[in-house]
2 protein chains.
Amino acid sequence: MAKSVANLSDVATLAKVSKSTVSRVLNNKLGKGFSVTPEVKERILKVIEELNYKPNLIAQDLTKQRTRMISVLGGAHALSDLGNIYQTVLNNITNILDSAPGGFDVIVDMSHHPDGSSEIPAWRIDGAIVLARCSDETFEELEQRNVPYVVVNGTGRAKGASVVPDDIQGMKLAVEHLVKLGHKRIAYASAPLGHLIGHSSIEERHQTYLAEIKKLGLAVLDGHDKLFTSAEDYLKSVIYQNKATGIIAYGHMNALNIMQAAHFLGISIPQRLSLIAFCDKGATDIMSPGLTFMDLQSKQMGEIAANLLLDMIKETDCERKQVKIQEQLVFRDTTSSPEN
Amino acid sequence: MAKSVANLSDVATLAKVSKSTVSRVLNNKLGKGFSVTPEVKERILKVIEELNYKPNLIAQDLTKQRTRMISVLGGAHALSDLGNIYQTVLNNITNILDSAPGGFDVIVDMSHHPDGSSEIPAWRIDGAIVLARCSDETFEELEQRNVPYVVVNGTGRAKGASVVPDDIQGMKLAVEHLVKLGHKRIAYASAPLGHLIGHSSIEERHQTYLAEIKKLGLAVLDGHDKLFTSAEDYLKSVIYQNKATGIIAYGHMNALNIMQAAHFLGISIPQRLSLIAFCDKGATDIMSPGLTFMDLQSKQMGEIAANLLLDMIKETDCERKQVKIQEQLVFRDTTSSPEN
DNA sequence: TCACTAGGTCCTGTCAAAAGG
DNA sequence: CCCTTTTGACAGGACCTAGTG
């Protein structure tokens, strides 16, 4: 099935014109000192139709030095965790880049590049979005090749912009929410094992919990500094021994586990225990009752990241911005005043 | 920042050899009637190192008529539903294609192509994996361009291969499981709203439920033919009015909702109600107690799909295979003999 | 045979220039 | 000489066949 696809020359030959004329007609360069007789235009379009000719994108990319492809890196975690924020982020990034003038193809690279070997085809893409993080080599590559990139929920190198949620402000709000409801004994359920190690959210939420609780003269309860493993053990320690009435959970998976364990142990939510977690709306859909949560604003994060990237692609000498997004409390059914 | 990247000519000039020689050294064509003095080779490699030269993939693609890119279509649902099987499918596809001789880049196209306009860069990829389905135009394009493709959990057109779970066999097994445990009143919870409309699984599971139940002389219970919306309403109807002791659920989301509603209504699982659903292991991780499920074998589906695709890429005249995968019962904690 | 190179090829986009009136 | 319509040559970067000394 040799060369089943027609190319520009084929069209030109059949339409009895030169390749340039065909090219011009296709790229509508009519205003710019170029014109065609309607007759010729018609003829060319007819041949194109007949041959079902489509310009070869690879050749086009080569001449234009531009691929209109944007790569999303770190797809591994974007797809692994259930209900994490990256799905929302990704959807919103895609929406915007898609409908940008000219249109960009958003591509999620799923290949598990062996650690240490950067294999992003950096010279094949016009820009990149990094979800939380990528390998050092990859960052190196992006920087060297001057590929515009934005890190979402994480930080990059010198030339990269970033969009992160303001976890310090968020944790303050979470603590404040519970305190206002009347809670005095507030615990923190830290990030579960397997979560991105070293991610800034882990440190920031934890430290801010400690700082706020101390500032308010409340008791720091056990368990905040342990990796979250068994929700049942955690509840036994925190509720039975430490008499907590409220828990702030690192993420939605903690919250889910806690809710299930609470059911099992007969601890009613929110009567006996108030629960709040950091996540986005999407994650709470799998839970009932409706979880009170600190909204990480993943939709906004995606939108802002996409627009930053577009700016950077448009003007190469754009300043590298670091955007911090305010988190927002969504008050639902898992928090209330303590029983007593 | 004009042309910050070096190309083959630059290397050739600096190493004082011709472009061909550089190309050959890079592509290790030494056996095939080509040779270099170690000295020259050394020199070239040094220059490459200095300039940090990397071949331009686009140009490479153009000459080789091959991109080593594989596109995954239908990424929209792969990322939307929580815990669906496509995540597992995708991971396994990626693993295999990644480590195939030569290595393929797996790319998930996330762009929401406006309905009706096929915009897959078919002439830019070496093959495609379709998750469940894609637009008619896209199928048309794949067929016309002779792009090898495999549909996972769905069927394609003439030239496409496919891998699907055997839902008929699976449903038979599910019914058999409950019957063996002693259940006589078995209900079916159909696909929820928003699920891929017209997907063969919907029809096959439903019809097989009806056929099997009738064959065994049992009662077909209400609700099997309605779209699944409120789990609470469903349980009230099926358990209270229809006295069901077992439910076979279309998918993990139904099962999750049913479990939560059962908790709420005080219906204990598995004592009062046995529950089984079609899904894969990944989805059950968010549930407790451990769900008994019909394993759709998503890992296998991915592996088989990837290997089929590799075969099709290797030999274009490969027959279009339609693989059906046997489902497997995983017996856990949500099914048991009925109380009475 | 060894060690290497010139120049055509893949395909499209663009510019200077030429043809036709 | 001007205006409109059309064209040939070349760039873009790597690969490969045929060929030189």
Side-chain angles (χ1 to χ4, degrees), chain A residues 2-44 47-48 51 53-68 102 121-124 126 145, chain B residues 2-45 47-48 51-68 102 121-124 126 145:
Chain A
K3 41 123 220 308
S4 53
V5 265
N7 64 17
L8 196 61
S9 305
D10 298 338
V11 177
T13 311
L14 260 89
K16 296 194 180 93
V17 290
S18 75
K19 294 181 284 180
S20 351
T21 309
V22 179
S23 176
R24 293 238 148 80
V25 168
L26 274 173
N27 298 302
N28 260 62
K29 290 281 152 94
L30 298 193
K32 293 266 177 179
F34 171 70
S35 50
V36 240
T37 40
E39 192 192 359
V40 172
K41 186 175 174 179
E42 198 83 4
R43 196 166 5 124
I44 292 174
V47 174
I48 286 176
L51 296 180
Y53 166 76
K54 299 266 170 65
N56 181 318
L57 281 198
I58 301 171
Q60 239 172 23
D61 291 345
L62 186 59
T63 51
K64 292 200 181 151
Q65 298 288 69
R66 184 170 43 109
T67 62
R68 305 213 68 88
W123 45 97
R124 192 189 236 169
D126 289 354
R145 302 277 164 190
Chain B
K3 38 124 226 309
S4 53
V5 267
N7 63 17
L8 195 61
S9 306
D10 297 340
V11 177
T13 310
L14 260 88
K16 295 195 178 94
V17 290
S18 76
K19 294 181 284 178
S20 348
T21 309
V22 178
S23 176
R24 295 230 137 88
V25 167
L26 274 174
N27 298 302
N28 260 63
K29 289 282 152 90
L30 298 193
K32 292 265 176 178
F34 171 71
S35 50
V36 243
T37 42
E39 190 191 359
V40 172
K41 185 174 175 180
E42 197 83 5
R43 190 157 20 113
I44 292 174
L45 291 176
V47 174
I48 286 177
L51 295 181
N52 186 30
Y53 167 76
K54 299 267 169 64
N56 180 319
L57 282 198
I58 302 172
Q60 231 170 29
D61 291 344
L62 187 60
T63 48
K64 291 199 181 154
Q65 300 285 69
R66 185 171 40 108
T67 62
R68 305 214 69 89
W123 46 98
R124 192 189 234 169
D126 289 355
R145 302 276 165 191

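Any value given below was found using the heavy atoms of this structure, including those in side chains, with hydrogens, waters and symmetry copies removed. Letters go in sequence order (proteins before strands), and every chain restarts at 1.
Under the rule for a side chain to side chain donor-acceptor pair (under 3.5 Å), the partners of B:S18 that lie at least two apart in sequence or sit in another chain are B:S20, B:T21. For B:K16, the side-chain contact (heavy atoms from CB on, under 4.5 Å) partners at least two apart in sequence or on another chain are B:R43. In this structure, the side-chain contact (heavy atoms from CB on, under 4.5 Å) partners of A:S9, at least two apart in sequence or on a different chain, are A:N7, A:K19. Checked against side-chain contact (heavy atoms from CB on, under 4.5 Å), B:L14 has the following partners two or more places apart in sequence or in another chain: B:V47. For B:T37, the side-chain contact (heavy atoms from CB on, under 4.5 Å) partners at least two apart in sequence or on another chain are B:E39, B:V40. Judged as a side chain to side chain donor-acceptor pair (under 3.5 Å), and not counting sequence neighbours, B:T63 has no contacts.
A heavy atom closer than 4.0 Å to some atom of DNA chain C occurs in no member of residues 12-19 of chain A. Of the residues in residues 35-45 of chain B, those lying under 4.0 Å from DNA chain C by heavy-atom distance are B:S35, B:V36, B:T37, B:V40.
Between A:D126 and A:R66, the shortest heavy-atom distance links the atoms OD2-CG, 3.1 Å. When all heavy atoms of B:A12 and B:V22 are compared, the closest pair comes out as CA-CG2, 3.8 Å. For the residue pair A:R145 and B:N52, the shortest heavy atom distance occurs at NH2-O, 3.1 Å. The nearest pair of heavy atoms linking A:L8 to A:Y53 is N-CE1, 3.5 Å.
Rounded to the nearest 0.5 Å, atoms CD1 (B:I48) and NZ (B:K54) are 11.0 Å apart. Taking CD1 of A:I44 as the start and NZ of A:K41 as the end, the distance is 10.0 Å to the nearest 0.5 Å. Taken from CG in B:L62 to CD in A:Q60, the straight-line distance is 11.5 Å, to the nearest 0.5 Å. Taking CG from B:D61 and CG from A:L57, the interatomic distance works out to 11.5 Å, rounded to the nearest 0.5 Å.
Nucleotides of DNA chain D with any atom under 4.0 Å from a heavy atom of chain B span, from 5' to 3', D:dG13 to D:dT17. Reading DNA chain C from its 5' end, the first and the last nucleotide to sit under 4.0 Å from a heavy atom of chain B are C:dC2 to C:dC11.
Direction change of the helix axis from one end of the helix from C:dC2-D:dG21 to C:dG21-D:dC2 to the other is 80°, with five pairs defining each end axis (rounded to 10°).
Heavy atoms of A:N27 sit under 4.0 angstrom from primed sugar atoms or phosphate atoms, though from no base atom.
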Q | Derivation and outcome, side-chain contact (heavy atoms from CB on, under 4.5 Å), residues A:V11 and A:L26 | A | CA-CA 11 Å; A:V11 177; A:L26 274 173; over 6 Å; no
